[in-house]
2 protein chains.
Amino acid sequence: MSILFSRQCEYAIKAVVYLAVKKDGERVATNELTRRLNIPYHFVAKILQNLTKKGLLRSAKGPRGGFSLALPANEITLFDIVDAIDGTAFTRSCLLGFPECSGKNPCSVHNAWALQRESIQEMLVGKNVSQLARDMKKPEYQSRRKG
Amino acid sequence: MSILFSRQCEYAIKAVVYLAVKKDGERVATNELTRRLNIPYHFVAKILQNLTKKGLLRSAKGPRGGFSLALPANEITLFDIVDAIDGTAFTRSCLLGFPECSGKNPCSVHNAWALQRESIQEMLVGKNVSQLARDMKKPEYQSRRKG
DNA sequence: AGTATTTCGGAGTCTTTTCTCTGAATATAA
DNA sequence: TTATATTCAGAGAAAAGACTCCGAAATACT
């Protein structure tokens, strides 16, 4: 099937936005996330671990431990999260997978697709999780992709 | 990683465009395709078989057999190929995977992404393989995704 | 100090996608 | 009619992605 981002990346976005809804620095444990976001426990744990390594989150062990944003919510964009999890290859890669497709040697869909990519990227850079959190106060927070 | 279309779909597009470059009804064997497009033999064979089942291609067995377009090149759009291989879920699905995300109950990136999807779809519908074939007369036809 | 809670790190399993193989069926050409 | 070139069909192997498990380390609370 294949859609723009991996599952893991979708989950990461949901989790970070969830953290952004909380007060600054408030810690949230994996347990709460798995319940509220409906993401498998061990999987979301791993994802948060990854985000921590990338410096987007801060973690604390022990009772009352958990995860919190490492930066102000308005300084974390969707793009940052996508970059941390999936990388940014999609901003460059040819739709048809030609390795040598580029501006000076474009494949036949290069230009059209290049515009699309650009505008997707702009959207991702333009949305920070503080905005998303605001929209999301009414959390119809549920899980999984349907179809 | 995950990009908009599957590998199989990329390959399908390349193959169909390759056929469109040929004269009407000219048959091309799997062998030629695998060599020219650098796609694994048995894999491209399967893909062409799929496209045949979907009615986009015609096949002929035996010596001087092979595959050819089942329709005039200007009546096959990129969208048709994507539809045949990956399906069109991407035109509907929420970027974050919320199953109940929709126009009346949008997630926080719904509207932005809905516009993107729409414009991607328009591009796919707007490009037929005859146009692509024309662009591609200078075939820098090579293989695989790099990064 | 001891216990409970929580993340960390690595390895392991399951599923889907990508890619391979093989044996048959069919058509062409000599 | 025989040899050969080709697709067809389905099963199988390998790699990638999604998800699980477990033991260890850290911290807070009693």
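Sequence lines set the chain letters: A, B, ... in the order given, protein chains first and strands last, and positions in each chain run from 1.
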*Presence of A:Thr30 side-chain N/O under 4.0 Å of C:dT7 phosphate oxygens OP1/OP2*: yes

For this session: Please check the phosphate of D:dT6 (OP1 and OP2 only) for any side-chain N or O of B:Ser59 closer than 4.0 Å.
Result: no

Is there a donor N/O on one and an acceptor N/O on the other, under 3.5 Å, for the side chain of A:Lys46 and the base of C:dG10?
yes

Whole-Å distance, A:Ile39 CD1 to D:dT20 C1', equals 15 Å

#### Entry: Whether A:Thr34 side chain and A:Ile39 backbone form a donor-acceptor pair below 3.5 Å
yes

Between the CD1 atom in A:Ile13 and the CG atom in B:Leu95, the distance rounded to the nearest 0.5 Å is 6.0 Å

Does A:Ala60 reach a base, just sugar-phosphate, or nothing at all? Heavy atoms under 4.0 Å. sugar-phosphate

Of D:dT27, D:dA18, C:dT28, the nucleotide closest to the side chain of A:Ser6 is D:dA18

The reported gap from CD1 in A:Ile81 to CD in A:Glu10 (rounded to nearest 0.5 angstrom) is 12.5 Å

Kindly work out whether a path of hydrophobic side-chain contacts (I/L/V/M/F/W/Y, heavy atoms less than 4.5 Å apart) joins B:Phe79 to A:Leu115.
no

Picking from D:dT7, C:dA29, C:dT20, the nucleotide nearest the side-chain atoms of B:Lys61 would be D:dT7

Of B:Arg27 and B:Phe43, the one whose closest nucleotide on DNA chain C sits nearer the 5' end is B:Phe43

Atom CD of B:Gln8 and atom C1' of C:dT16 are separated, to the nearest Å, by 12 Å

When rounded to whole Å, the CG to P distance for the pair A:Asn50 and C:dT7 reads 14 Å

Next on the checklist: Does C:dC19 have OP1 or OP2 under 4.0 Å away from a side-chain N or O of B:Tyr11?
Outcome noted: yes

> For D:dC19, does OP1 or OP2 lie under 4.0 Å from any side-chain N or O of A:Arg7?
Replying inline: yes

Between OH of A:Tyr41 and P of D:dA18 the distance, given in whole Å, is 21 Å

note: A:Leu51, atom CG; C:dC8, atom C1'; distance rounded to Å ~ 15 Å

Sidechain-backbone polar pair: A:Glu32 side chain, A:Ala29 backbone, donor-acceptor under 3.5 Å: no

B:Gln49 atom CD is separated from C:dC19 atom P, nearest whole Å, by 17 Å

Closest to the side chain of A:His42, out of D:dC19, C:dT7, D:dC21, is D:dC21

Quick note, B:Ala29 side chain, CB onward, closest among D:dT7, D:dC21, C:dC8 is D:dT7

Separation of C:dT17 atom P from B:Ile3 atom CD1, nearest Å, is 17 Å

Atom CG of B:Leu57 and atom C1' of D:dT7 are separated, to the nearest Å, by 13 Å

